[in-house]
Amino acid sequence: GGLKLGDQVVLKGRVGGSKTPFVAGRAVFTLMGRGLKACNENPDDQCKQPWDYCCETRDDIVANSVTVQAVDAKGQVLRTEMKGRRGLRELTELIVVGKVTSTDGKSLVVSATGVHVVR
């Protein structure tokens, strides 16, 4: 909330928010804020893909997620797969450094200059 175009951000969250949070062939993924629990954190949930947050409403997922795109020095999205790089997979906890490049009050896109796996 309150972020605008060009704002520099440091975000912490986990990869998730859908059954396929990584975009094939591009360095793009969805980062979920820690305001929502993944399905595997709910004791009674038997979800097979806990990273999709299917135990939450779509509105809550959108309100707690950010689309992250890793970019080069010219601001172009990298044409590479993020999944599998440095152990990156669904529910991996990350710190993302970048700037807001799109926002409409509901959804947010951050162009990342740094993506760091939390160990």
Side-chain angles (χ1 to χ4, degrees):
L3 293 173
K4 57 188 180 305
L5 287 178
D7 282 353
Q8 297 291 324
V9 295
V10 177
L11 306 170
K12 186 174 183 180
R14 291 190 293 181
V15 177
S18 69
K19 290 181 182 179
T20 54
F22 294 97
V23 175
R26 296 284 186 269
V28 178
F29 60 90
T30 305
L31 185 73
M32 294 298 299
R34 297 295 284 166
L36 291 181
K37 291 182 179 182
C39 298
N40 63 334
E41 293 177 315
N42 295 317
D44 297 332
D45 198 296
Q46 301 299 315
C47 186
K48 292 181 182 178
Q49 297 174 317
W51 59 85
D52 68 5
Y53 288 71
C54 65
C55 48
E56 301 292 343
T57 68
R58 187 77 202 135
D59 287 343
D60 284 345
I61 292 170
V62 170
N64 287 277
S65 67
V66 174
T67 299
V68 176
Q69 52 187 22
V71 297
D72 63 17
K74 295 180 182 178
Q76 299 297 309
V77 177
L78 299 175
R79 293 178 183 250
T80 187
E81 297 279 337
M82 291 293 286
K83 186 174 181 178
R85 296 178 72 83
R86 297 186 181 162
L88 198 60
R89 61 184 175 83
E90 294 86 353
L91 295 179
T92 299
E93 191 167 8
L94 303 172
I95 294 175
V96 173
V97 179
K99 76 175 179 178
V100 176
T101 52
S102 177
T103 181
D104 63 7
K106 291 183 182 181
S107 62
L108 188 68
V109 177
V110 169
S111 290
T113 54
V115 175
H116 310 279
V117 175
V118 175
R119 304 260 179 217

Distance-only donor-acceptor pairs under 3.5 Å for side chains of residues 57-69, two or more places apart:
residue	atom	partner	partner atom	Å
Thr57	OG1	Asp60	N	3.1
Thr57	OG1	Asp60	OD2	3.3
Asn64	ND2	Asp60	O	2.8
Ser65	OG	Ile61	O	3.0
Ser65	OG	Val62	O	3.4
Gln69	NE2	Ser111	OG	3.0

What pairs of donor and acceptor atoms, side-chain ones from residues 24-40 against any protein atom, are under 3.5 angstrom apart with sequence neighbours left out?
none

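Taking hydrophobic clusters as Ile, Leu, Val, Met, Phe, Trp and Tyr residues chained together by side-chain heavy-atom distances below 4.5 Å, Leu94 does not share a cluster with Leu91. Linking ILVMFWY side-chain heavy atoms closer than 4.5 Å, directly or via other members, places Val100 and Leu11 in a single hydrophobic cluster. In the hydrophobic cluster analysis, where Ile, Leu, Val, Met, Phe, Trp and Tyr join through side-chain heavy atoms closer than 4.5 angstrom, Val71 is grouped apart from Val115. The hydrophobic cluster containing Val110 also contains Phe22, counting ILVMFWY residues as joined when their side-chain heavy atoms lie under 4.5 angstrom apart, directly or transitively.
Partners of Lys4 by side chain to side chain contact (heavy atoms under 4.5 Å, CB included), not counting sequence neighbours, listed by chain and number: Asp7.
Sorted by first then second residue, the salt bridge (Lys or Arg N to Asp or Glu O under 4.0 Å) pairs that include residues 89-100, not counting sequence neighbours, are Lys12-Glu93, Lys83-Glu90.
In this structure, Trp51 contributes its side chain and Gly17 its backbone to no donor-acceptor pair below 3.5 Å.
Grouped by direct or indirect side-chain proximity (heavy atoms under 4.5 Å, Ile/Leu/Val/Met/Phe/Trp/Tyr only), Val118 sits with Val10, Ile95, Val97. Other members of the cluster containing Leu78 do not exist, because no ILVMFWY side chain is joined to it at under 4.5 Å.
Between the CZ atom of Arg86 and the OG1 atom of Thr92 there is a distance of 13.0 Å, given to the nearest 0.5 Å.
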Between Leu3 and Thr103, is a side chain to side chain contact (heavy atoms under 4.5 Å, CB included) present by the stated rule, with each step listed?
CA-CA 8 Å; Leu3 293 173; Thr103 181; 5.9 Å; no
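A pairwise comparison of heavy atoms in Cys47 and Asp52 identifies SG-OD1, 3.6 Å as the closest pair.
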